[in-house]
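Each remark here refers to the structure printed beneath this line.
We count ligands from 1, going down the list as the structure has it; atoms in each ligand are counted the same way.
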Amino acid sequence: MSAVAGTLAAALDPVLFARGLGFVAEEWQENLLRTQAEQVLVVAARQVGKSSTVALKALHVATYEPGSLCLIFSPRQRQSDELLRKVRTYYRALTGHAGRPVRNDDVPVKNNESELELTNGSRIVSLPGSESGVRSFSAARLLILDEASRASDDLLAAVVPMVATGGQFMMMSTPWGRRGFFYELAELDQTDAWERHRTTVYESARWPEARRARVRASIGSFAWSSDYECVFGDTTSQLFSTEMVDRAFTSDVLPLEIP
Ligand SMILES: Nc1ncnc2c1ncn2[C@@H]1O[C@H](COP(=O)(O)OP(=O)(O)OP(=O)(O)O)[C@@H](O)[C@H]1O
Ligand SMILES: [Mg+2]
């Protein structure tokens, strides 16, 4: 393939773009890279490549959609910065890439812990998990909420309006018990408002049997089923199991009339 054809192919297909940067996506990662759905929810195991995949997606958007804004949220600024660091690593590979859309002398306009601004005007910004101080952003082409099961309802409420019309909202996480919006959207919501993806440890090429066995032997069964098998279980900090709480409610008893 000629350099021009290669660049065009990478522009049209984020999977080829990622491959050009040395990242050969697994099937579930291809689906995430290619999806155009407006709302995407990913339940996936630890260390399967959730953050790397969305980092590449953000870089693809920033590179080929001049002036676009990608926002990265997670419960802590440090985690958001970490995801931005992955973007930056791939960006460096991009500038040295044969069919690159970025010239060799093309240095980013801004390149710090929490922001990467390209010469085409696109910005990728990493943000903290507290809703105060993040309200100044709007019209994001791509909004990422990483480690979403641990994010607060307040954060969700603050970020939802920041997604541009026609933009994409992607949230990803391991489960963290039967609580919070991530659990509700992943397990209880019956609508098709969210495109749902799920990758357990058994479906990931990063986790061959020997590696699974090593980790399985060193952690408790709750952590294993939650973090690796993607089960939304009752958390150890819950005094009563969700099942017990559900059983305590009955429609057979009428509420007391207080005179
Ligand atoms: N398709 C792939 N090819 C090569 N390496 C990959 C691929 N997918 C993921 N990795 C590698 O797997 C490791 C974990 O990736 P990443 O941090 O993105 O996973 P994660 O699911 O976000 O992890 P965590 O649960 O810790 O947040 C990284 O070293 C990343 O480079
Ligand atoms: Mg991650």
Min N/O separation Q47 to ligand 1 under 3.5 Å: yes
Shortest reach to atom 31 (O) of ligand 1 by a heavy atom, considering only A45, S51, S52, A55: S52
Nearest candidate to atom 17 (O) of ligand 1, where distance is taken over non-hydrogen atoms, out of R46, K86, Q79: K86
Centroid-centroid distance, F169 to W194, less than 6.0 Å: yes
Side chains of Q77 and D81, donor plus acceptor under 3.5 Å: yes
Is_contact(atom 29 (O) of ligand 1), protein non-hydrogen, under 4.0 Å: no
Best match, R19, E82, E147, R206: closest heavy atom to atom 27 (O) of ligand 1: E147
Name of the residue among S173, S126, S51, S80 meeting side-chain hydrogen bond (donor to acceptor under 3.5 Å, both in side chains) with S74: S80
Atom 8 (N) of ligand 1 [closest protein heavy-atom partner, distance rounded to 0.1 Å]: Q29 NE2, 3.0 Å
The Mg ion (ligand 2) to nearest N/O/S of S51 below 2.8 Å: yes
F23 N/O under 3.5 Å from ligand 1 N/O: no
Check: D189/T191 side-chain N/O donor and acceptor closer than 3.5 Å: yes
Protein contact to atom 21 (O) of ligand 1 [nearest heavy atom, distance to 0.1 Å]: K50 NZ, 2.8 Å
Protein contact of atom 19 (O) of ligand 1 - nearest heavy atom, named by residue and atom, plus distance: G49 N, 3.0 Å
Pair R178 + E187, salt bridge at N-O below 4.0 Å: no
Region of V24 that comes within reach of ligand 1 [heavy atoms, distance under 4.0 Å]: backbone
Within 6.0 angstrom of R150 CZ, more than 12 heavy atoms from elsewhere: yes
Within 6.0 angstrom of R78 CZ, more than 12 heavy atoms from elsewhere: no
Pair E229-W224, side-chain donor/acceptor within less than 3.5 Å: yes
Y90 N/O under 3.5 Å from ligand 1 N/O: no
